[in-house]
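Chain A is the first sequence line, chain B the second, and so forth, proteins listed ahead of strands; every chain is numbered from 1.
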There are 2 protein chains.
Amino acid sequence: MSAGVEWALHCCVVISQAEEPVPAARLATFHEVSRTYLAKNLQALSRAGLVRTTEGRDGGYELTRSAPKISVLDVVQAVDGAEPAFRCTEIRRRGPLPATREMCQRPCGIARVMAAAEQAWRDSLASVSVAALAADLDASTGGTGLEGLRGWLSA
Amino acid sequence: MSAGVEWALHCCVVISQAEEPVPAARLATFHEVSRTYLAKNLQALSRAGLVRTTEGRDGGYELTRSAPKISVLDVVQAVDGAEPAFRCTEIRRRGPLPATREMCQRPCGIARVMAAAEQAWRDSLASVSVAALAADLDASTGGTGLEGLRGWLSA
DNA sequence: GCCACCTTACTCGGATAAGGACTGTCCGAGTCGCTAAGG
DNA sequence: CCTTAGCGACTCGGACAGTCCTTATCCGAGTAAGGTGGC
């Protein structure tokens, strides 16, 4: 999985706490990562429609929906792509004993198992929102984390 | 995910239906794939202890355990590696507002969410055995698939 | 007829190149806010 | 004092190299079976 997924998730948490657009340069400074490469990942979020971009002075990124409406799965699929990790190449149709047309009416059993597992993975990620991540961060810091973050964003 | 995972799973189903060791060349012919590259993936199964190798004439691969005792997860982890897809780089410790030691006593919330999702994925794969795959294949073919496979293996 | 040995062919295993994807970087197009001049 | 035009700087967006991992391949070490010669 791309490392940019981690960056994008952290950025979404930060953006959710800001009321003004946050420029990519500020996000890069906060996370101490490459500014240009972080921009590339944020572009993926923009293409997926999760964030809205404001150009020009005082511009930046802001969420298009409220934080509870954005799930972790949305961010992961935006950055890493929505294509399934396992891709069935229909091996059963090749070789000296190819599967007949009747057998192929249903997907390959292996593909079904893998698809079910990925669905469970997606369900688990879809059950957590960006707002929940922010709340967890706040709880881990004893209730001062989000306040400090908002203060840093204003400064 | 590596494409070799699919090959390895199909190979496990075939091997489970044979009473004699099956050479890699025969498996490659059956699936119509590269013989040398398939051998590389089978080596991964051998290192993981899922299959036993017999060298020399009439040698090949055979399962070390009964098919119901081998789960799909075992095969996937043997070929693709057991390392988690998401790796936390501890971004929270960097930047102008680094997380304090107290906050880091627990793993990052994002890492916990991703780990839980991967655990759900593993649980789903662990609940299906190679024997179940073979049974499903037999059911899809109306009860003649495994018989034909065994016949081809004997020939 | 039985045994030991050798030949033979077949098996897996690790070490070795080529291609594609993720990582990292750069500069250009577009836009908003600020300033200053004019009415 | 208000309007408006211009300027400037800041923003994102897509196009361009570097590096690591997956894919694909080869040949060598080792082994078990089968045949052959001797006893």
Does A:D58 or A:M1 map to a spot on DNA chain C nearer the 5' end, using the closest nucleotide for each?
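It is A:M1, whose closest nucleotide lies nearer the 5' terminus.
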
Residue mapping more 5' on DNA chain C - nearest nucleotide basis, A:T54 or A:G4
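It is A:G4 whose nearest nucleotide is closer to the 5' end.
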
Would you tell me if any nitrogen or oxygen in the side chain of [X] comes within less than 4.0 Å of OP1 or OP2 on [N]?
X     : N      : result
B:T53 : C:dG13 : yes
B:S34 : D:dT23 : no
B:Q43 : C:dC12 : no
B:Y37 : D:dT25 : no
B:R47 : C:dG14 : yes
A:S2  : C:dA21 : no

At a heavy-atom distance below 4.0 Å, what parts of residues 7-17 of chain B sit against DNA chain D?
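Residues of residues 7-17 of chain B that come under 4.0 Å of DNA chain D do not exist, since none gets that close.
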
Do the side chain of A:D80 and the main chain of A:M1 share a donor and acceptor less than 3.5 angstrom apart?
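It does not hold such a pair.
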
Within the side chain of B:S124, is there an N or O that forms a donor-acceptor pair under 3.5 Å with the backbone of B:A120?
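Checking the backbone N and O of B:A120 against the side chain of B:S124, no donor-acceptor pair under 3.5 Å is found.
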
Check this for me: does any side-chain nitrogen of one of B:D74 and B:K69 sit under 4.0 Å from a carboxylate oxygen of the other?
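A salt bridge is absent here (no side-chain N lies under 4.0 Å from a carboxylate O).
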
On DNA chain D, does the nearest nucleotide to A:R57 precede the nearest nucleotide to B:T36 from the 5' side, or the other way round? Give the residue.
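Its nearest nucleotide lies further toward 5', so the answer is A:R57.
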
Looking at B:W121, I'd like to know if the NZ or CZ of A:R122 sits under 6.0 Å from its six-membered ring centre while staying within 45 degrees of the ring's axis.
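Not flagged: A:R122 not positioned over aromatic ring of B:W121.
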
For a quick check of understanding: with a heavy-atom distance under 4.0 Å over all strands, which category does B:A25 fall into, base, sugar-phosphate or nothing?
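B:A25: no heavy atom of the nucleic acid under 4.0 Å.
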
Counting the atoms with a prime plus P, OP1 and OP2 as sugar-phosphate, which does B:R35 contact under 4.0 Å by heavy atoms, base, sugar-phosphate, or nothing?
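Touches nothing.
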
Determine, step by step, whether B:V14 and B:H10 satisfy the side chain to side chain contact (heavy atoms under 4.5 Å, CB included) criterion, reporting the C-alpha distance in whole Å, the side-chain angles of both residues, the deciding distance to 0.1 Å, and the verdict.
CA-CA 6 Å; B:V14 172; B:H10 279 277; 5.6 Å; no

